[in-house]
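Reading through the structure tokens given below for one structure.
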Amino acid sequence: MNDSQIRGAEIVIKSLVAENARYIFGYPGGAIMPVYDALYDYMDQIQHILTRHEQGAIHAAQGYARVSGQVGVCMATSGPGATNLITGIADALIDSTPLVCITGQVVSTLLGTDAFQETDVVGISMPGTKWNIQVRKVEDIAPAIAKGFHIARSGRPGPVLIDITKDAQIALGEFNYVPCLNIRSYRPYPKVEDHIIEKATALINQAERPYVLFGQGVVLGKAEKALRAFLDKTGIPAACTLLGTGALPESHPNFVGKLGMHGNYGPNLLTNQCDVLIAIGMRFDDRVTGDVKRYAKQAKVIHLELDPAEIDKNVKCELAVLGDCKVSLEKLTEKVAKGNHPDWIMKFRELEAEEKRVVVGNDLSPTKVGLTMGEVIRHINEFKADDAILVTDVGQHQMVAWRYFEYKTTRTQVTSGGLGTMGFALPAALGAQLHDYNRQVICVVGDGGIQMTIQELGTIMQTKAPVKVVLLNNNFLGMVRQWQQLFFDKRYSFTELDNPDFIKIAEAYNFKVQKVDERTDLRQAVAEMFVHEGPYFLEVVVEKEDNVFPMIATGSSVEEVRLS
């Protein structure tokens with residue numbers, strides 16, 4: 001053995017260390033065992049988090065990536081280990097989350113023989129990854145990982161999968177890690193064209209009712225300050241998508257609310273009354289547009305977007321401003337005239353007042369006997385820190401928490417947006433907390449979603465991450481039930497749940513626990529949760545048949561948003 005040579009498995013670990021990866025979220029198995037053996041000698045340089053399921057590993061890596069802005073890393077064995085990552089891979093692709101997923105594979109001589117735990121994970125994951133590769137030679141391991149990190153983090157971020165055969169892990173090779181900085185024909189940052197900026201400036205300056213819609217691209221592009229400067233100068237009202245939440249403080253005078261199926265009344269309704277629509281780092285998701293055939297037809301659309309594939313995909317635009325939105329916004333801010341649109345913003349405020357009267361009051365200060373999800377979030381706002389991170393699962397609780405949680409800074413909103421993955425929140429909250437043990441991480445879940453990854457309570461226990469889990473329990477798959485009530489004549493087909501004793505389960509995982517079903521106990525329970533230094537599990541029994549409004553039904557126009 002040449003003294004300068006090491007096994008491929010060690011090259012994997014040294015490559016991750018070279019990329020400054022802090023954590024590997026994973027689960028060992030036969031085909032990845034050499035890498036785990038090599039990891040044993042590097043535990044002082046990179047920390048491994050043993051989740052209880054591979055789906056938990058990838059969602060934890062997502063939570064870490066979303067809060068830190070770094071590439072999340074997860075690892076699994078071949079066959080079922082690798083396929084258990086697929087949901088998280090699809091979730092990360094549609095939500096633009098940078099991940100490097102490393103999977104073990106059977107030895108190359110057995111490929112195609114249906115060997116034990118052999119699965120074509122490259123073929124399976126191809127539609128859900130930004131890039132994937134199978135590595136069969138030891139000399140290809142480090143270059144593949146370097147390329148994977150570059151692709152995952154650059155341009156519009158996304159997941160990468162690197163499948164490494166067991167013989168490549170065992171073979172000997174030289175370690176010479178060269179970070180990847182450029183790939184021929186891969187141009188992740190289109191150049192911002194000055195003549196396009198001039199055209200956009202003219203449209204904005206001429207507008208009487210301009211309107212900014214901003215999404216997660218502002219966060220991913222680190223363009224929060226640039227967005228604020230643009231709005232300060234132009235006076236244009238601005239609304240956010242689900243994943244764009246936090247990019248602009250909600251206290252900003254130009255912020256008018258949230259877009260989407262359960263967003264705010266004015267921001268949805270007035271989309272069809274603006275004359276220039278400026279979309280920044282958002283993809284015109286169907287949950288934002290409603291019936292696209294009746295969406296903003298009166299407006300000239302300016303789309304600031306990094307990914308050319310999103311231009312004209314859902315909504316045709318008058319002008320596409322391709323490139324890094326931070327650069328585009330800075331150039332626009334320099335060129336546009338100073339503006340003010342008080343009458344136009346007042347229309348949003350009037351509709352906001354109507355929403356508060358019809359919806360918000362009943363959600364936050366209800367007169368009904370049962371507890372509402374909204375009042376739980378109201379009490380959380382009382383005690384949380386300004387930089388607290390909210391991680392939500394998918395369902396009614398997600399929409400209510402999003403509507404009422406007070407976001408004051410960027411990268412404090414973590415949820416599964418485009419894929420809508422139930423079971424996302426608990427492991428994602430762990431990943432978010434591991435980025436910074438000193439920040440408050442509040443995990444709001446429903447009784448349906450938590451049972452999909454409830455075993456990750458064990459990972460939180462083992463890491464001692466002080467996650468605050470708030471379970472809003474209505475004994476229903478609430479969002480599906482709401483649709484069944486409104487659109488299927490209250491035919492509640494398989495949405496009512498007989499639930500276990502969640503408190504006993506959480507106690508078994510060494511969580512400090514409390515259960516509340518009376519309004520008089522709620523505020524004190526929330527206060528005690530935030531005082532506790534370790535993991536906490538608060539179950540709140542809420543109204544069984546509460547609904548989330550406003551709401552835009554599928555196939556409806558944004559003008560048909562309903563308050564009840």
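Ionic pairing of Asp285 and Arg287 is not present here: no N-O contact between side-chain nitrogen and carboxylate oxygen is shorter than 4.0 angstrom.
Heavy-atom minimum distance, Pro28 versus Leu50: CD-CD1, 3.7 Å. The nearest pair of heavy atoms linking Ala92 to Leu99 is CB-CD1, 3.6 Å. Taking all atoms of both residues into account, the shortest heavy-atom contact from Thr241 to Gly215 is OG1-CA, 3.3 Å. When all heavy atoms are compared, the tightest approach of Ile141 to Val135 is CG1-CG1, 3.7 Å. Scanning both residues, Ile89 and Cys101, for their nearest heavy atoms gives CG1-SG, 4.1 Å.
Judged as a salt bridge (charged side-chain N to carboxylate O under 4.0 Å, His left out), not a single pair has a partner in residues 107-125 (not counting sequence neighbours). Applying the salt bridge (charged side-chain N to carboxylate O under 4.0 Å, His left out) rule to pairs touching residues 493-510 yields Glu496-Lys544, sequence neighbours excluded. Counting only residues at least two apart or on different chains, the ring pair (Phe, Tyr, Trp, His ring centres under 6.0 Å) pairs with a member in residues 444-483 are Phe476-Tyr492, Trp483-Phe487. The side-chain hydrogen bond (donor to acceptor under 3.5 Å, both in side chains) contacts involving residues 162-171 comprise Thr103-Asp163, Gln105-Asp163, Ser108-Asp167, Gln134-Asp163, Thr165-Asp167, where partners must be two or more places apart or lie in separate chains. Identified under the ring pair (Phe, Tyr, Trp, His ring centres under 6.0 Å) test for residues 116-157, with sequence neighbours left out: His150-Tyr186. Pairs passing the salt bridge (charged side-chain N to carboxylate O under 4.0 Å, His left out) check and including a residue from residues 144-159, sequence neighbours excluded, read Glu19-Arg153, Arg156-Asp307, Arg156-Glu310. Residue pairs satisfying the salt bridge (charged side-chain N to carboxylate O under 4.0 Å, His left out) criterion with at least one member in residues 380-397, sequence neighbours excluded, are listed as follows: Glu382-Arg523, Asp386-Lys408, Asp387-Arg439. Residue pairs meeting the ring pair (Phe, Tyr, Trp, His ring centres under 6.0 Å) criterion with at least one partner in residues 88-107, sequence neighbours excluded, do not occur; the list is empty.
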List the atom pairs, with distances to 0.1 Å, where a side-chain N or O of residues 526-535 and a protein N or O form a donor-acceptor pair under 3.5 Å, not counting sequence neighbours.
from, atom 1, to, atom 2, distance (Å)
Glu528, OE1, Gln514, NE2, 3.1
Glu528, OE2, Gln524, NE2, 3.2

N/O donor to acceptor pairs below 3.5 angstrom from side-chain atoms of residues 32-42, sequence neighbours left out:
from, atom 1, to, atom 2, distance (Å)
Tyr36, OH, Tyr27, N, 2.9
Tyr36, OH, His48, NE2, 2.8
Tyr42, OH, Glu10, OE2, 2.4

Extract all donor-acceptor atom pairs below 3.5 Å that involve side chains of residues 60-69 and protein atoms in other chains or at least two apart in sequence.
from, atom 1, to, atom 2, distance (Å)
Gln62, OE1, His59, ND1, 2.7
Gln62, NE2, Asp91, OD1, 2.8
Arg66, NH1, Thr415, O, 3.2
Arg66, NH2, Thr415, O, 2.7
Ser68, OG, Tyr64, O, 2.7
Ser68, OG, Gln70, N, 3.0

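When atom types are taken as modelled, the side chain of Gln482 and the backbone of Val548 share a donor-acceptor pair closer than 3.5 angstrom. A donor-acceptor pair is defined here as one N or O able to donate and one able to accept, closer than 3.5 Å; no such pair exists between the side chain of Asn510 and the backbone of Met461. Gln440 places a side-chain N or O within donor-acceptor distance of the main-chain N or O of Ala385, the cut-off being under 3.5 Å. The backbone N or O of Leu426 lies less than 3.5 Å from no partner atom in the side chain of Thr453, so there is not a single donor-acceptor pair.
In this model, a donor atom of one side chain and an acceptor atom of the other lie less than 3.5 Å apart for Ser125 and Asn132. A donor-acceptor contact closer than 3.5 angstrom links the side chains of Arg52 and Gln462. Looking only at atom types and distance, the side chain of Glu456 has no donor-acceptor partner in the side chain of Thr51 under 3.5 Å away. In this structure, a donor-acceptor pair under 3.5 Å is present between the side chains of Thr410 and Glu224. Judged purely by distance below 3.5 Å, without hydrogens or angles, the side chains of Trp402 and Thr245 pair a donor atom with an acceptor atom. Glu539 and Asn473 share a donor-acceptor pair across their side chains, judged by distance under 3.5 Å alone. Side-chain polar atoms of Ser4 and Glu174 form a donor-acceptor pair below 3.5 angstrom.
The shortest side-chain heavy-atom distance between Tyr177 and Val17 does not fall under the 4.5 Å cut-off. Counting only heavy atoms from C-beta outward, the side chains of Gln398 and Leu242 approach each other to under 4.5 Å. In this structure the side chain of Leu172 never reaches within 4.5 angstrom of the side chain of Val138, judged on heavy atoms. Ser96 places a side-chain heavy atom less than 4.5 Å from the side chain of Leu220. Side-chain contact between Val469 and Phe511 is present, with at least one heavy-atom pair separated by less than 4.5 Å. With contacts defined as side-chain heavy-atom distances shorter than 4.5 Å, the pair Ile24/Ile49 does not qualify. In this structure the side chain of Val467 never reaches within 4.5 angstrom of the side chain of Tyr536, judged on heavy atoms. Looking only at side-chain heavy atoms (C-beta outward), Val73 and Phe25 stay at 4.5 Å or farther from each other.
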Please walk me through it: do Asn499 and Gln451 pass side-chain hydrogen bond (donor to acceptor under 3.5 Å, both in side chains)? CA-CA 9 Å; Asn499 284 321; Gln451 293 185 78; 2.8 Å; yes
Could you please spell out the steps behind the side-chain contact (heavy atoms from CB on, under 4.5 Å) verdict for Ile170 and Arg7? CA-CA 5 Å; Ile170 295 171; Arg7 297 200 183 277; 3.8 Å; yes
Set out, in order, the CA-CA distance, both residues' side-chain angles and the distance that settles side-chain contact (heavy atoms from CB on, under 4.5 Å) for Thr119 and Ile124, then state yes or no. CA-CA 8 Å; Thr119 301; Ile124 291 171; 3.3 Å; yes
Let me see the working for Arg283 and Ile94 under side-chain contact (heavy atoms from CB on, under 4.5 Å), right down to the final yes or no. CA-CA 10 Å; Arg283 58 188 180 85; Ile94 201 166; 3.7 Å; yes
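Not a single salt bridge (Lys or Arg N to Asp or Glu O under 4.0 Å) links Asp140 to another residue, sequence neighbours left out.
Tested against Asp517 for a side-chain contact (heavy atoms from CB on, under 4.5 Å), the candidates Val540, Leu522, Val541 yield a single pass: Val541.
Summarising the geometry, atom CG belonging to Asp324 is positioned 6.5 Å from atom CG belonging to Leu306; distances are rounded to the nearest 0.5 Å.
Taking the ring centre of Phe175 as origin, the terminal cationic atom of Lys14 falls inside the region bounded by 6.0 Å and 45° from the ring axis.
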